[in-house]
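Let me begin by presenting the structure, written as structure tokens, before commenting on it.
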Amino acid sequence: MRVVVQDAPFDYGKEAEAFADGRHDMGAIVTFAGIVRDIAGGLDVMEIEHYPGMTEKALKKIAAEAVDRWSLGDALVIHRYGRMGAGEKIMMVATAARHRKDAFEAAEYLMDYLKSRAPFWKKEHTAQDAGWVAAKDEDEAALDRW
Amino acid sequence: MRVVVQDAPFDYGKEAEAFADGRHDMGAIVTFAGIVRDIAGGLDVMEIEHYPGMTEKALKKIAAEAVDRWSLGDALVIHRYGRMGAGEKIMMVATAARHRKDAFEAAEYLMDYLKSRAPFWKKEHTAQDAGWVAAKDEDEAALDRW
Amino acid sequence: MDVLYFAWVRERIGVPKEKIETTAATVNDLISELRGREERYDAAFADLTALRVALDQELSEFDAPLEGVREVAFFPPMTGG
Amino acid sequence: MDVLYFAWVRERIGVPKEKIETTAATVNDLISELRGREERYDAAFADLTALRVALDQELSEFDAPLEGVREVAFFPPMTGG
């Protein structure tokens, strides 16, 4: 299990490859990558603020719960903070399980929890103005299924 | 949308990276990779037979249905045939959607359908013997949710 | 018409592909005809619940008509992924 | 105790962190105390449904006791991922 919180970009392909590599015991790997989308009006930059210290703790707790609940062979969470442009990767998760159902469910669980329970806040800057992204009710509701 | 059926190994990390790269419109990328698992008794080699011609058609149809149903920005399916050892990657799928729920669902749909509706058959060879992998009832049942 | 066999069906029948002249109206009729020919066909087609059929590379049903079909394939349930 | 603010709460209050001497028994008590101090606190804490609180870096409730707590953080609902 590995949790990384950093401002620097990460290499999604290399991380996915390294995560999947050399496993003889796990038949299923799932990865998710979150990418900065260009918004209507033209996104200039996406800024992500976080709570150093709590962020790492929260992500480790969420990842450990996923590993435990789905008997994962491994789990990975990488999340950036700071400023990034449209098309840049914000974060990724990866899960390794014996069967695909567990790998998918665990990855969705990681995403649902880190989205609403890890202390990150997004601010979108356009040429005109800047605003904090509002939390969506559907993201909070997504936790109900777990 | 891209569908590849080949006997040669593929580079999971590079494919995942290339698939995710340069997107400004899709916020969510999901990949799944299937890996040859070592089975009890020691897998010597996994052999995958397929139905040339029908395989490509079936995968294209499944991928097109996923793209349409979840308004995907893109979908990728790579599936190998022939002989491969434990730890080798058998196949991968990737989906790009605006939001994570669609990317996850579409990837699971691709997996559920290609597992039971694309003409591939696995045979496991151990030092002692060889046997065709039996289809699982749960894989057929997995189609019911779509 | 071309008849193709895959996986253990291929192994049991002994060839991956053969040309068969038939006037069978449906897949079921073709199967009956083949089972009457030789023991190896009889064995391969003994349990139809363990088999799938594709007509011109589309999954199909055993009661489907064969008229106009050029390629029939028999195989066990798929196990890809 | 250290009180931290993030995102628009930080912007509205004007500082990311401050030391506050208080005898407030619960988070709610602390909020009442802050709101009484200055307009900027009153504005930031006007709608508690739009806020979350963490005590010593664990998500918590507004009626939680502050005894033994060294770090309190206020912020809007998270939007990571």
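Values below: every heavy atom of this structure, side chains too, minus hydrogens, waters and symmetry copies. Chain naming here is simple, since letters A, B, ... match the order of the sequence lines and numbering starts at 1 in each. For clarity, every value in this text was computed on a predicted model and none was experimentally measured.
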Check: Aromatic rings D:Phe75 and A:Tyr51: how do their planes relate, parallel, tilted or perpendicular, breaks at 30° and 60°?
Finding: perpendicular

Could you tell me which of [options] has the largest number of non-hydrogen atom pairs under 4.5 Å with chain D?
options	value
A:Lys123, A:Met91, A:Lys115	A:Lys115
A:Ala118, A:Ala58, A:Ala134, A:Gly34	A:Ala118
A:Phe120, A:Phe32, A:Tyr81, A:Trp132	A:Trp132

Looking at [X], I want to see if its [atom1] is surrounded by more than 12 non-hydrogen atoms of other residues, nucleotides or ligands under 6.0 Å.
X	atom1	result
A:Asp129	CG	yes
D:Arg37	CZ	yes
D:Glu61	CD	no

Margin query: If I take atom CD1 from residue A:Ile48 and atom OG1 from residue D:Thr79, how far apart are they, to the nearest 0.5 angstrom?
Written below: 8.0 Å

Check: When rounded to the nearest 0.5 angstrom, what distance separates CE in D:Met78 from CG in A:Leu114?
Finding: 10.5 Å

Notebook entry, point to check: Okay, side chain of A:His79, backbone of D:Gly80: is any donor-acceptor separation there less than 3.5 Å?
Noted result: no

Checklist line | Any A:Pro119 side-chain heavy atom under 4.5 Å of D:Phe6 side chain | finding: no

Check: Testing D:Glu58, D:Glu71, D:Gln57 for side chain to side chain contact (heavy atoms under 4.5 Å, CB included) with A:Met54, which one passes?
Finding: D:Gln57

Check: What part of A:Arg80 is in contact with chain D, defined as an atom under 4.5 angstrom from a non-hydrogen atom: side chain, backbone, both or neither?
Finding: neither

Next item on the list: Below 4.5 Å from any heavy atom of chain D, which atoms of A:Lys61 appear? Answer side chain, backbone, both or neither.
Entry: side chain

Notebook entry, point to check: Highest number of heavy-atom pairs under 4.5 Å with chain A: which of D:Ala50, D:Ala7, D:Pro77?
Noted result: D:Ala7

